[in-house]
There are 2 protein chains.
Amino acid sequence: MSQDMPPLSALRAFEATARLGSVTAAAGELHVTHGAVSRQLRSLDEHFGTPLFTKAGRGIRLTHQGEQLQRGVGDAFSRLRESCAELKRSSEEGPFVLNCPGSLLARWFIPRLERLHRELPDIRLQVGDSDSELDPRHSEAGATLLFSEPPYPAELGVIELAPENICAVARPDQAERFDSQDPATIFTRPLLHTRSRPQAWPQWAQAHGLDEARLAQAVEAGQGFDHLYYLIEGALAGLGVAIAPRLLVKDDLASGRLIAPWGSVETSGRLCLLLPHYVSHRRGEQLAAWLQRELNP
Amino acid sequence: MSQDMPPLSALRAFEATARLGSVTAAAGELHVTHGAVSRQLRSLDEHFGTPLFTKAGRGIRLTHQGEQLQRGVGDAFSRLRESCAELKRSSEEGPFVLNCPGSLLARWFIPRLERLHRELPDIRLQVGDSDSELDPRHSEAGATLLFSEPPYPAELGVIELAPENICAVARPDQAERFDSQDPATIFTRPLLHTRSRPQAWPQWAQAHGLDEARLAQAVEAGQGFDHLYYLIEGALAGLGVAIAPRLLVKDDLASGRLIAPWGSVETSGRLCLLLPHYVSHRRGEQLAAWLQRELNP
DNA sequence: ATAAAGTGTGACTCCAGCTCACATGTTTGT
DNA sequence: ACAAACATGTGAGCTGGAGTCACACTTTAT
């Protein structure tokens with residue numbers, strides 16, 4: 001690759017000067033003084049070993065070599081400007097991609113999407129399932145919604161939206177088995193679980209002062225699922241007691257499709273919105289604000 | 001004109017990284033550290049508000065937006081490189097334009113061109129008459145050969161090649177009218193002159209201690225010419241005595257076509273080669289050295 | 001396990017490129 | 001003929017953007 005390119009800033013100065021036919025005008029466009037442009041042009045002359053402009057009256061005029069250079073360089077800069085403008089536009093007006101775990105997407109976000117679109121019509125959100133790419137650093141998304149807990153990696157812009165409350169839920173037809181004053185009555189039913197959150201049940205047991213060994217036994221007896229989403233479906237199907245973030249079963253509790261006999265426990269986890277440093281501020285913050293409102297009425 | 005272009009150096013870093021698929025490789029090509037490239041890329045992410053690369057394994061991969069940008073930017077940079085290389089080539093290998101006054105060109109340079117081409121075969125000199133554009137700042141030439149005198153404008157690279165000697169010349173058939181011991185015998189013939197060098201005769205008269213008034217009268221009597229070249233032709237035609245730089249009549253004196261009864265007078269003028277600051281050193285200095293040799297044997 | 005390769009980033013440094021002020025040359029209006 | 005406005009070139013001096021260095025972290029290979 002030919003490695004003797006002149007400084008790019010000098011080429012930009014040349015392009016503007018050649019296009020506008022004036023050093024001063026170019027300086028205006030580039031928001032620098034005419035002296036700065038004049039130096040850049042001189043450095044180009046030296047680089048190419050040939051004059052690009054000559055004086056003409058009180059202004060300047062392209063030399064033959066200058067015209068030759070102008071053809072290619074003018075094209076190249078148009079192309080550059082066009083590409084950058086296009087990307088900028090598609091980044092500002094194109095869909096804003098928000099990734100979040102499938103369970104959160106299905107059980108909390110999708111039911112609220114219509115309201116989101118109504119209240120933030122210009123955000124053109126595109127939601128995606130992030131279970132395949134757990135690490136937001138590998139994702140192309142503009143933002144990621146997920147449960148996490150401190151300490152957060154410093155390079156990610158983490159906004160804590162709400163504390164995570166987990167609760168044990170079951171179908172209402174099993175209500176009589178459970179005593180809301182006695183957490184141990186939970187052991188009358190199998191404990192549904194998922195491999196992706198092995199600490200969920202132990203955490204709950206500790207908060208309610210239950211014996212870990214007996215808990216492990218009950219977990220053993222319950223069905224395992226690959227995914228939190230299916231876990232909750234298991235509870236709805238009456239297979240046993242599921243453990244889930246309160247957020248995901250909020251609507252089911254309100255409608256009476258599920259019950260949470262022992263309330264919910266706040267964990268050290270938080271529902272977080274990850275806005276990478278580079279993300280467009282306007283839309284990212286609009287979204288964060290909307291989520292805050294929606295989560296903390 | 002859309003004025004929110006990212007820094008060009010960042011775009012160059014992006015282009016190299018996208019093309020080579022590696023930050024480190026791009027850093028190598030740009031002769032900087034990988035850290036420098038990494039920062040540039042980050043600044044681009046921030047400018048566009050969208051990620052251009054994601055991590056992939058231990059390397060990186062273009063995102064969708066990155067690919068979009070790469071198409072245009074890659075093209076633009078190819079174009080830029082191509083244009084610059086083309087101009088550089090035509091400036092280094094193309095003809096080297098030397099301008100000089102028509103009289104010098106015709107009466108001194110052209111007879112020596114063949115030797116120049118033989119001794120400096122790769123210089124591909126193109127000589128032009130500069131009488132229309134006297135000021136080298138308005139010319140497109142790579143170099144200018146001309147008579148000038150100090151002080152020289154600072155911004156021009158002036159190389160003094162030889163002192164200017166002027167002499168009064170006439171046709172040999174008029175030799176008996178002139179006494180080489182008595183300059184006043186010059187007034188036996190009309191004094192040919194040119195408007196472009198009104199000070200030539202007075203200078204000569206002063207050097208030989210002649211009366212200015214009588215000189216003015218003799219000049220009045222002589223034919224005037226537009227151009228030094230025709231002035232010498234006038235002397236060759238026997239119209240009177242011409243005044244000219246010794247260099248221009250050197251060959252005619254040697255061959256006996258002209259005589260210079262009173263020798264020559266050194267003036268404060270110098271034959272100079274003007275090499276603008278930007279000119280390719282190699283060829284400019286080769287030419288200067290050859291001229292030095294040719295003028296001062 | 002251990003090494004090697006690749007990328008990201010905090011802290012610091014430095015010089016490329018800018019501004020300022022002035023000089024010089026050109027055009028235009030009166 | 002003169003002055004004023006316009007345009008570019010340049011010496012001196014300053015500053016912030018861009019680079020280096022060193023280290024951390026992750027992934028791949030041996």
Side-chain angles (χ1 to χ4, degrees), chain A residues 6-14 16-18 20-47 51-63 66 133-138 151-157 276-278, chain B residues 6-14 16-18 20-47 51-63 66 133-138 151-157 276-278:
Chain A
L8 289 176
S9 56
L11 282 179
R12 175 171 48 187
F14 168 80
T17 306
L20 300 172
S22 150
V23 173
T24 304
E29 178 173 299
L30 300 173
H31 301 114
V32 293
T33 60
H34 73 267
V37 174
S38 178
R39 284 169 200 290
Q40 304 266 28
L41 296 179
R42 179 182 164 132
S43 86
L44 266 198
D45 284 348
E46 279 165 6
H47 174 87
L52 267 14
F53 293 98
T54 55
K55 295 188 177 242
R58 66 180 173 188
I60 52 168
R61 201 188 55 216
L62 281 168
T63 62
E133 334 178 309
L134 345 82
D135 190 337
R137 278 168 293 208
H138 290 59
Y152 308 112
E155 77 269 20
L156 297 170
H277 56 79
Y278 45 73
Chain B
L8 289 176
S9 56
L11 281 179
R12 175 171 48 188
F14 169 80
T17 306
L20 301 172
S22 151
V23 173
T24 304
E29 177 174 299
L30 300 174
H31 302 113
V32 293
T33 60
H34 74 269
V37 174
S38 179
R39 286 173 197 288
Q40 303 266 29
L41 296 180
R42 180 182 163 132
S43 85
L44 266 197
D45 284 349
E46 280 165 5
H47 174 88
L52 267 13
F53 294 98
T54 55
K55 293 185 179 251
R58 66 180 171 188
I60 53 169
R61 201 188 55 216
L62 281 168
T63 62
E133 334 179 309
L134 346 83
D135 190 337
R137 278 168 292 209
H138 290 58
Y152 308 112
E155 77 268 21
L156 297 170
H277 55 81
Y278 46 73

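Reminder, nothing fancy here: chain letters follow the sequence lines and each chain counts from 1.
One interatomic measurement links the two molecules: NZ of Lys55(B) to C1' of dA5(C), which rounds to 13 Å at whole-angstrom precision. Taking atom CD of residue Glu46(B) and atom P of nucleotide dG8(C), one finds them 13 Å apart after rounding to whole Å. As rounded to whole Å, 22 Å separates atom P of dG25(C) from atom CZ of Phe53(A). Atom CZ in Arg61(B) sits about 14 Å away from atom P in dT7(C), given to the nearest Å. Distance, Leu62(B) CG to dT7(C) P: 12 Å, rounded to whole Å. Between the CZ atom of Arg42(A) and the P atom of dA16(C) there is a distance of 15 Å, rounded to whole Å. In this structure, the CG atom of Leu30(A) is 9 Å from the P atom of dC18(C), given to the nearest Å. For the pair Leu41(B) CG and dT7(C) P, the interatomic distance rounds to 10 Å; values are reported in whole Å.
Considering only side-chain atoms of Val23(A), the nucleotide from dT20(D), dT7(C), dG9(D) that sits closest is dG9(D). When distances run from any side-chain atom of Ser38(B) to the nucleotides dA18(D), dT9(C), dC18(C), the shortest one goes to dT9(C). Checked against dA11(C), dT10(D), dG17(C), the side chain of His34(A) finds its nearest nucleotide in dT10(D). Comparing dC18(C), dT10(D), dT8(D) by their nearest atom to the side chain of Val32(A) picks out dC18(C). Considering only the side chain of Gln40(B), dG19(D) comes nearest among dG9(D), dG8(C), dG19(D).
Taking OG1 of Thr63(B) as the start and CZ of Phe53(B) as the end, the distance is 8.0 Å to the nearest 0.5 Å. Here Thr17(B) contributes atom OG1 and His34(B) contributes atom NE2; the two are 12.0 Å apart, rounded to the nearest 0.5 Å.
Side-chain atoms of Arg39(B) stay outside donor-acceptor range of the base of dG17(D), with no qualifying N/O pair under 3.5 Å.
Nearest heavy atom pair, residue Ala10(B) against residue Ser43(B), reads CB-OG, 3.8 Å. Taking all atoms of both residues into account, the shortest heavy-atom contact from Pro6(A) to Leu44(A) is CB-CD2, 3.4 Å. Closest non-hydrogen pair, Ala13(A) versus Val37(A), comes out as CB-CG1, 4.2 Å.
Contact between the side-chain N/O atoms of Ser9(A) and the OP1/OP2 oxygens of dG17(C) is found at a separation under 4.0 Å. Between Ser22(B) and dG6(C), a side-chain N or O to OP1/OP2 separation shorter than 4.0 Å is absent. Between Thr24(A) and the phosphate of dA7(D), there is no side-chain N or O to OP1/OP2 separation shorter than 4.0 Å. Between Arg58(A) and dT8(D), a side-chain N or O to OP1/OP2 separation shorter than 4.0 Å is absent.
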